[in-house]
Amino acid sequence: MLDIKFIRQNTELVRKKMLERGQEMDMSPFLNLDTRRRDILQDVEKLRNDRNTVSKDIGEKKKKKEDASEQIARMGEVSARIKSLDDELKKVEEELNAMIMVIPNIPHESVEYGTSSEDNPVIRVWGEKPRFSFAPKPHWDIGEDLKILDFERGAKITGARFTLYMGLGAMLERAIINFMLDLHIFDHGYTEVLAPFMVNRESMTATGQLPKFEADLFRVDQVDYFLIPTAEVPVTNIHRDEILSEKDLPIYYVSYSPCFRAEAGSYGKDTRGLIRQHQFNKVEMVKFSRPETSYDELEKLTANAEEVLQRLNIPYRTVSLCTADLGFSSAKTYDVEAWLPGQDAYREISSCSNFEDFQSRRAAIRFRREETGKLDFVHTLNGSGLAAGRTVVAVLENYQQADGSVVIPEALRLYMKGIDRIPAIG
RNA sequence: GGAGAGAUGGCUGAGUGGUCGAAAGCGAUCGCCUGCUAAGCGAUUGUACGCCGUAAAGGUGUACCGCGGGUUCAAAUCCCGCUCUCUCCGCCA
């Protein structure tokens, strides 16, 4: 969430920035409530002060066995007024809070203005696209032909957008996950985390999924918990309501988790294959940083994600999301898009974002500055490193062979018991 | 699932209606002292929000003793509900 004081003092700027995101906002209800809140607060605090003073006086009088009934009667009335003002204040604050919690983050000044993903500037392009002597197949055909992906049975077991991996397909996904974890742990200095896959409402609110995007989540029926849509949620919440030491920053975490997304409103999109699933595996990198260095950290984070594809020798490009495409909580996001020859397109495989203090303000994650002793909000960042299912897609499509088999990238063979190929059947 | 105990500041821990934002100890910071270290002495030591005010500061008010309600002129303290932690039993990977 944005700082309420910041909105108050920069109303026009906030309105303009929201417009750049494509969201028109009338700021006057906010300002009216904010003023109302401060007015009530002043009244009620004055009354409380009065009550505190007089109550002390009553106490002393009683001790001296003097009569205080007049004051007691008067304070009874004061208390009643405090109570009614408190009720009103609570209502105003709830309304104000409801408003502020659904205002998205302000895009960083380096984010380009745009109206759709078409406007995302391409920052980098890496790798040579493979050439085929045949028409490259999309991964759903490859997976079914090799009997490693079973979409029909996945749908039978659960429903649409759930997939069953079999044999070397299952092993490939597992190998990819382990390869990525090891890379980030041993080469990039991240600490591995294995966190709960269900979280409570507070955690979802802290990272920004709630209250606005409940429809995108799966909620557990018996308790008010949610299946995580990304490990970002439990991992960022590790330090919720904590004060970190400046010397401990930056903190790097990497975490494997399955991710559960309702994919509300995406009917008809990517209905075939592994691209858009209700459940998929992902390795997520999460950082807590000092504000001064968070944009350097974002560059490093993105480089860490890109390195996975480099080691797998899969072509990709990196784009910077324009104002219209930027996620709710993010101030700046790079998407890494892998080349998928079977679909003749680049597809998102990682999303790396700097949330600045948007999440840490919601989550109350602060650090104490050594120089001044003052508290400040940390900046939080995260990025996929990478989405495992989509990485399987990229391997299958880029490494497919004329005979229908798929070669295992060298970097993964250590994790595949040395197996170098998923053989064609028959 | 059943029974019981508990939750107080950075930590330990006192506090059963007013003098409690909270004793004491530890820790930390600053200063003094000391040949060095240790010890000793003194001071300081939370956060949020509002208001006044400044270049920075600072001042002031309110709230906060797990969370939410209630009683009362007045709640860390009494009452109700909830959450979490611990112990025992049951169940379980």
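Letters go in sequence order (proteins before strands), and every chain restarts at 1. Predicted model, so just to flag it, every value in this text is computed and none were measured.
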Rounded to the Å, how far apart are [X] [atom1] and [N] [atom2]?
X: A:F367; N: B:U47; atom1: CZ; atom2: P; value: 14 Å
X: A:L89; N: B:U62; atom1: CG; atom2: P; value: 16 Å
X: A:R81; N: B:C73; atom1: CZ; atom2: C1'; value: 15 Å
X: A:K64; N: B:U19; atom1: NZ; atom2: C1'; value: 13 Å
X: A:E77; N: B:U72; atom1: CD; atom2: P; value: 15 Å
X: A:E60; N: B:C73; atom1: CD; atom2: C1'; value: 14 Å
X: A:K63; N: B:G17; atom1: NZ; atom2: C1'; value: 11 Å
X: A:L47; N: B:C73; atom1: CG; atom2: C1'; value: 14 Å

Using a 4.0 Å heavy-atom cut-off across all strands, classify [X] as base, sugar-phosphate, or nothing.
X: A:R74; answer: nothing
X: A:K46; answer: nothing
X: A:N52; answer: sugar-phosphate

Quiz item: Reading RNA chain B 5' to 3', how would its secondary structure be written in dot-bracket notation, given Watson-Crick and G-U pairs with both distances under 3.5 Å, brackets [ ] for crossing pairs and | for partners on other strands?
Solution: ((((((((.[[[..)..(.....]]]((((((.......))))))(((((((.....))))))).[[[[[..)....]]]]])))))))....
Is any side-chain N of the basic residue among [X] and [Y] closer than 4.0 Å to the acidic one's carboxylate O?
X: A:E109; Y: A:K332; result: no
X: A:R311; Y: A:D187; result: yes
X: A:D67; Y: A:K61; result: no
X: A:E370; Y: A:K247; result: no
X: A:D270; Y: A:R347; result: yes
X: A:D248; Y: A:R368; result: no

Self-check item: Residues which pass ring pair (Phe, Tyr, Trp, His ring centres under 6.0 Å) with A:H108, listed by chain and number, not counting sequence neighbours
Solution: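 A:H108 satisfies ring pair (Phe, Tyr, Trp, His ring centres under 6.0 Å) with A:Y295 only.
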Quiz item: Taking only residues two or more places apart in sequence or in another chain, which ones pass ring pair (Phe, Tyr, Trp, His ring centres under 6.0 Å) with A:F367?
Solution: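 For A:F367, no residue satisfies ring pair (Phe, Tyr, Trp, His ring centres under 6.0 Å) once neighbours in sequence are set aside.
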Report all side-chain donor-acceptor pairs from residues 407-417 of chain A shorter than 3.5 Å, counting only partners two or more places apart or in another chain.
from, atom 1, to, atom 2, distance (Å)
A:R413, NE, A:I408, O, 2.9
A:R413, NH2, A:I408, O, 2.9
A:Y415, OH, A:D182, OD2, 2.6

Work out how far the [atom1] atom of [N] is from that of [M], and round it to whole angstrom.
N: B:C64; M: B:G2; atom1: P; answer: 34 Å
N: B:C65; M: B:U19; atom1: P; answer: 15 Å
N: B:C33; M: B:U12; atom1: P; answer: 36 Å
N: B:G70; M: B:A76; atom1: P; answer: 15 Å
N: B:C73; M: B:G17; atom1: C1'; answer: 12 Å
N: B:U87; M: B:C26; atom1: C1'; answer: 28 Å
N: B:C89; M: B:C11; atom1: P; answer: 32 Å
N: B:G46; M: B:G21; atom1: P; answer: 15 Å

Kindly give the atom pairs (protein nitrogen or oxygen, nucleotide nitrogen or oxygen) under 3.5 Å for nucleotides 67-70 of chain B.
from, atom 1, to, atom 2, distance (Å)
B:G69, OP1, A:K90, NZ, 2.9
B:G70, OP1, A:K83, NZ, 2.7

Quiz item: Start at the 5' end of RNA chain B and walk down; is the nucleotide closest to A:G373 or to A:G76 reached first?
Solution: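 This one resolves to A:G373.
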Quiz item: Mapping A:S55 and A:I72 to their closest nucleotides on RNA chain B, which lands nearer the 5' end?
Solution: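 Going by which nucleotide is closer to the 5' end, it is A:S55.
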Quiz item: Looking at A:Y252 versus A:H184, is the centre-to-centre ring distance below 6.0 Å?
Solution: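 Aromatic pair excluded; centres sit 6.0 Å or further apart.
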Exercise. Report yes if the distance between the aromatic ring centroids of A:F218 and A:F226 is under 6.0 Å, otherwise no.
Key: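 Between A:F218 and A:F226, the centre distance exceeds or equals 6.0 Å.
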Considering just the side-chain nitrogens and oxygens of [X], establish if one lies under 4.0 Å of OP1 or OP2 belonging to [N].
X: A:R48; N: B:C73; result: no
X: A:S79; N: B:A74; result: yes
X: A:N49; N: B:G61; result: no

If you restrict it to nitrogen or oxygen atoms, what contacts under 3.5 Å exist between nucleotides 53-59 of chain B and the protein, and what is each distance?
none

Review item, side-chain donor-acceptor pairs of residues 88-103 of chain A, under 3.5 Å, at least two apart:
from, atom 1, to, atom 2, distance (Å)
A:E88, OE2, A:R36, NE, 3.4
A:E88, OE2, A:R36, NH2, 2.2
A:E93, OE2, A:R37, NE, 2.9

Mind listing the N/O atom pairs, protein and nucleotides 26-30 of chain B, below 3.5 Å?
none

Practice problem: Indicate whether any N or O donor in one side chain lies under 3.5 Å from an N or O acceptor in the other, for A:Q359 and A:S329. | Solution: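 Checked: A:Q359/A:S329 side chains show no N/O donor-acceptor pair below 3.5 Å.
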Quiz item: Going by distance alone, is a donor N or O of one side chain under 3.5 Å from an acceptor N or O of the other, for A:S79 and A:R51?
Solution: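 Yes, side-chain donor-acceptor contact under 3.5 Å.
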Quiz prompt | With A:R8 via salt bridge (Lys or Arg N to Asp or Glu O under 4.0 Å) - residues at least two apart | solution =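 Once residues adjacent in sequence are excluded, the partners of A:R8 under the salt bridge (Lys or Arg N to Asp or Glu O under 4.0 Å) criterion are A:D34.
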Quiz item: How would you list, by chain and number, every residue that makes a salt bridge (Lys or Arg N to Asp or Glu O under 4.0 Å) with A:D241, sequence neighbours excluded?
Solution: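 A:D241 satisfies salt bridge (Lys or Arg N to Asp or Glu O under 4.0 Å) with no residue once adjacent residues are dropped.
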Self-check item: Contacts of A:E292 that satisfy side chain to side chain contact (heavy atoms under 4.5 Å, CB included) - sequence neighbours left out
Solution: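 A:E292: side chain to side chain contact (heavy atoms under 4.5 Å, CB included) contacts with A:R290, A:R369.
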Listing time: all N or O pairs from protein to nucleotides 48-52 of chain B that are below 3.5 Å?
from, atom 1, to, atom 2, distance (Å)
B:A48, OP1, A:R366, NH1, 3.3
B:C49, O2', A:R37, NH2, 2.7
B:G50, OP1, A:R8, NH2, 3.0
B:C51, OP1, A:R38, NH1, 3.0

Practice problem: Among A:E192, A:H239, A:E232, find the one that has a side chain to side chain donor-acceptor pair (under 3.5 Å) with A:Y253. | Solution: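 Only one of A:E192, A:H239, A:E232 forms a side chain to side chain donor-acceptor pair (under 3.5 Å) with A:Y253, namely A:H239.
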